[in-house]
**Student:** 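The following block contains the structure, expressed as structure tokens.
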Amino acid sequence: MGAGSPESGVHAAGPLTLDACLRSGAGRIAAARGCDMAEAMMEARLIALHVTGLDAAGLLMRGPEPLSASVTEALQAAFERRARGEPVAYLTGERGFWEHRFRCRPGALIPRPDTEILVEWALELIPNPATGYRVLDLGTGTGAIALSLSAARPDADVFAVDRSPLALALARENVAFLRDQGAAAAVAMWRGDWLSAVRPESIDLLVGNPPYLAADDPHLCQGDLRFEPHEALAADEEGLGDYRRLLRAASTVLRSGGMVLFEHGADQVEAVAELMREVGLQVVGTRSDLGGNPRVTAARSPRARR
Ligand code: GLN
């Protein structure tokens with residue numbers, strides 16, 4: 001598609017300015033996704049930061065300047081991918097979560113603000129100093145939870161497991177990415193199926209954001225979720241299958257007085273709490289995410305009477 005051809009959107013009158021390209025891209029995104037123009041413009045700017053390599057100030061300053069044909073084409077191609085539904089974090093390759101930025105790629109769930117409540121709660125539970133305290137993140141994906149915890153409590157022993165080699169490679173990349181951001185996150189990671197490789201009575205805190213959508217949840221066929229790994233989103237038994245499997249093993253791997261902290265769907269509080277009780281854990285409570293939906297439930301392993 002050459003500059004000046006009708007498809008490229010570059011008018012014969014002259015090259016597009018960066019601002020005009022952003023406006024037309026945001027318009028295309030808003031129309032295709034049915035979101036408002038302010039949200040679409042924010043997405044277009046995030047994409048443009050990535051494509052042009054400019055920083056936020058540069059993007060403002062250079063707004064009135066004409067773009068080269070190649071940059072125009074690269075921007076329009078990226079805006080078009082977003083309009084067709086690809087998540088912004090997959091287009092830009094990163095997403096901010098808690099206190100750091102994490103690399104994102106198809107193959108691992110994009111970190112969500114909802115999950116920050118889990119990190120916040122975990123940091124209340126992890127003692128400070130945390131020497132000898134062992135935390136395990138189940139299904140770590142990008143590593144967002146495990147790495148955020150390790151960065152905040154460098155003296156805790158933080159572990160992470162994931163079944164997906166793609167996710168694990170990304171989580172390992174994120175260790176280095178956080179180091180570039182000045183964070184000393186050190187997480188021991190391995191590939192595995194939930195708790196299958198974990199020694200009994202070895203963990204103080206189990207955390208995780210397991211797949212919990214029902215396999216027929218209509219959201220799986222809509223918007224950004226279509227591009228994220230199905231196995232990170234959906235579970236059998238109406239979304240409860242993975243909680244059931246990992247909670248069965250959880251009571252064995254926890255040390256006396258150890259805790260579990262899991263993210264779940266807003267309508268799963270009672271079901272998850274019941275599964276926790278079934279394996280002998282004492283439910284401590286549930287907290288809501290920023291949208292006011294109950295999102296994280298904690299339970300404690302009873303103290304052994306010795
Ligand atoms: N909260 C996510 C969503 O609905 C689902 C994450 C998950 O299944 N663990 O987009």
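Nothing fancy with the numbering, it's 1 onward along the sequence. Just so you know, ligand 1 is whichever comes first in the structure, and atom 1 is the first atom listed for that ligand.
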**Student:** Should the pair Arg82-Asp224 be classified as a salt bridge under the 4.0 Å nitrogen-to-oxygen rule?
**Tutor:**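 Asp224 and Arg82: salt-bridged.
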**Student:** For the pair Glu201 and Arg134, find out whether any cationic side-chain nitrogen is under 4.0 Å from an anionic carboxylate oxygen.
**Tutor:** no
**Student:** Assign the ring pair Tyr243 / Tyr212 to parallel, tilted or perpendicular, where the plane angle (0 to 90°) is split at 30° and 60°.
**Tutor:** parallel
**Student:** Do Glu263 and Arg287 sit within salt-bridge range, that is, some charged N less than 4.0 Å from a carboxylate O?
**Tutor:** no
**Student:** Using a strict cut-off of less than 4.0 Å between a Lys/Arg side-chain nitrogen and an Asp/Glu carboxylate oxygen, indicate whether Glu278 and Arg248 qualify as a salt bridge.
**Tutor:** no
**Student:** Taking only heavy atoms of the protein into account, state which residues are under 4.0 angstrom from an atom of ligand 1, in chain and number order.
**Tutor:**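 Those residues closer than 4.0 Å to ligand 1 by some heavy atom are Arg112, Asn209, Pro210, Pro211, Tyr212, Leu225, Ala232, Leu233, Glu263.
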**Student:** Looking only at non-hydrogen atoms, find the nearest pair between Pro229 and Ala108 and report the distance.
**Tutor:**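 Heavy atoms only, the tightest pair is CG-N, 3.7 Å.
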